[in-house]
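Please read these numbers as outputs of a predicted model, since none were measured by experiment. Whatever order the structure lists them in is the order used to number ligands and atoms, beginning at 1. Side chains included, hydrogens not; waters and symmetry mates left out as well; all remaining heavy atoms used.
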Amino acid sequence: MVKIAPSILSADFARLGEEVRAVDEAGADYIHIDVMDGHFVPNLTFGPPIIKCIRSWTELPFDVHLMIDPAQPFLEDYAKAGADLITVHAEADVHLDRSLQFIKSLDKKAGVALNPGTSANVLEYVMDRLDLILIMSVNPGFGGQSFIPASLDKIRKVRSMIGSRDIELMVDGGVNAKTIQSVVDAGASAVVAGSAVFCGDDYRATIGELRGALK
Ligand code: DX5
Ligand code: ZN
């Protein structure tokens, strides 16, 4: 069954702990945490202190999506704040392989995110270090954008590159009840959903709507 990772970017920041607990109780599989630095992406969110504050509100894995450049100097801070999975962008830093090795040395799961314009080929020589691949299906920076259809080809390509490896293939951006089926058909094993989950008051219903849209 496809995993659902609500993005707290669309949550009420004044009640972040309660929001995290609410999506946990509503059936989420991960908590997707979007960290933005106002440099790699044109928006700013939060960093390790806030992640640390919400850590005690759920036992679900924290899937931390770092939209920051550089990421490498801060990886340990995110590990200590409570990340279970740390995803860096292939376009950030210079030494992707070094960042992945470092995340693993911190005893955390390692992910790579690809912007819509980035080729899947950058994954080729780091594949064996990966626990997660995050295909961005919008240009990162904001919630509530429209799904970019060309992402489907990339999802299919990455699914075949993964082969029999145990790697989560997660898709992030514009996933809703209308787009989720095509994303899963292309090979995603997990989806991020920000606005689609937090748009209503009843998160069990909004997550249920996503699952219900799948055949
Ligand atoms: C975009 C973030 C996404 C975003 C998704 O930069 O990485 O995780 O919150 O939001 P929706 O699901 O609304 O497109
Ligand atoms: Zn994200």
Side-chain angles (χ1 to χ4, degrees), residues 2-13 16 19-20 23 26-47 50-51 54 60-69 71 74 78 83-92 109-118 130-152 154-155 158 168-184 188-200 203 205-211 213-214:
V2 69
K3 294 182 186 144
I4 309 274
S7 161
I8 59 167
L9 183 62
S10 297
D12 179 352
F13 281 15
L16 214 42
E19 293 275 74
V20 164
V23 288
D29 298 291
Y30 290 101
I31 303 295
H32 185 80
I33 300 179
D34 286 308
V35 177
M36 303 185 183
D37 67 354
H39 162 73
F40 181 70
V41 288
N43 196 6
L44 267 173
T45 54
F46 42 69
I50 288 183
I51 296 174
I54 56 173
L60 286 179
F62 273 11
D63 154 32
V64 176
H65 176 194
L66 295 179
M67 287 162 274
I68 65 175
D69 186 14
F74 304 102
Y78 287 95
D84 297 288
L85 223 151
I86 301 177
T87 297
V88 292
H89 265 264
E91 306 83 3
K109 292 189 171 175
V112 174
L114 303 185
N115 282 336
T118 300
L130 296 178
D131 299 293
L132 177 139
I133 297 167
L134 187 68
I135 306 289
M136 294 305 303
S137 40
V138 297
N139 288 292
F142 304 94
Q145 303 181 79
S146 300
F147 185 84
I148 297 173
S151 317
L152 293 173
K154 199 192 289 181
I155 300 166
V158 172
E168 191 87 272
L169 177 48
M170 190 181 270
V171 175
D172 186 4
V175 176
N176 54 37
K178 289 198 179 100
T179 53
I180 191 169
Q181 180 74 58
S182 58
V183 166
V184 171
S189 57
V191 296
V192 174
S195 45
V197 168
F198 288 98
C199 61
Y203 303 149
T206 52
I207 291 174
E209 206 176 312
L210 287 173
R211 293 202 199 278
L214 291 170

**Message:** Taking 4.0 angstrom as the limit and counting only heavy atoms of His65, give me the atoms of ligand 1 inside it, by number and element.
**Reply:** 7 (O)
**Item:** atom 14 (O) of ligand 1 - nearest protein heavy atom and its distance
**Value:** Gly174 N, 2.8 Å
**Request:** Give the atoms of ligand 1, by number and element, whose distance to some non-hydrogen atom of Gly173 is under 4.0 Å.
**Result:** 14 (O)
**Request:** Go through ligand 1 atom by atom and flag the ones less than 4.0 Å from a non-hydrogen atom of Met67.
**Result:** 6 (O), 7 (O)
**Message:** Of all the N, O or S atoms in His32, which has the shortest distance to the Zn ion (ligand 2)?
**Reply:** NE2
**Request:** Looking only at protein heavy atoms, identify the closest one to atom 12 (O) of ligand 1 and say how far it is in Å.
**Result:** Gly194 N, 2.8 Å
**Over 12 foreign heavy atoms within 6.0 Å of CD, Glu209** = no
**Complete:** For Asp34, the N, O or S atom at the shortest distance from the Zn ion (ligand 2) is OD1
**His65 atom (N/O/S) at minimal separation from the Zn ion (ligand 2)** = ND1
**Fill in**
So the atoms of ligand 1 within less than 4.0 Å of a heavy atom of Gly143 turn out to be 10 (O), 13 (O)
**Item:** Nearest neighbour of atom 5 (C) of ligand 1 from the list Asp172, Asp34, Asn139, on a heavy-atom basis
**Value:** Asp172
**Item:** The one among Gly141, Ser7, Ala196 that brings a heavy atom closest to atom 6 (O) of ligand 1
**Value:** Gly141
**Fill in**
Under 4.0 Å from one or more heavy atoms of Met136, ligand 1 contributes atoms 7 (O)
**Item:** Sub-4.0 Å atoms of ligand 1 with respect to non-hydrogen atoms of Ser195
**Value:** 11 (P), 12 (O), 13 (O)
**Item:** Residue, atom name and distance, where the atom is the protein heavy atom closest to atom 1 (C) of ligand 1
**Value:** Phe142 O, 3.6 Å
**Fill in**
Answer key: the N, O or S atom of Asp172 nearest to the Zn ion (ligand 2) is OD2
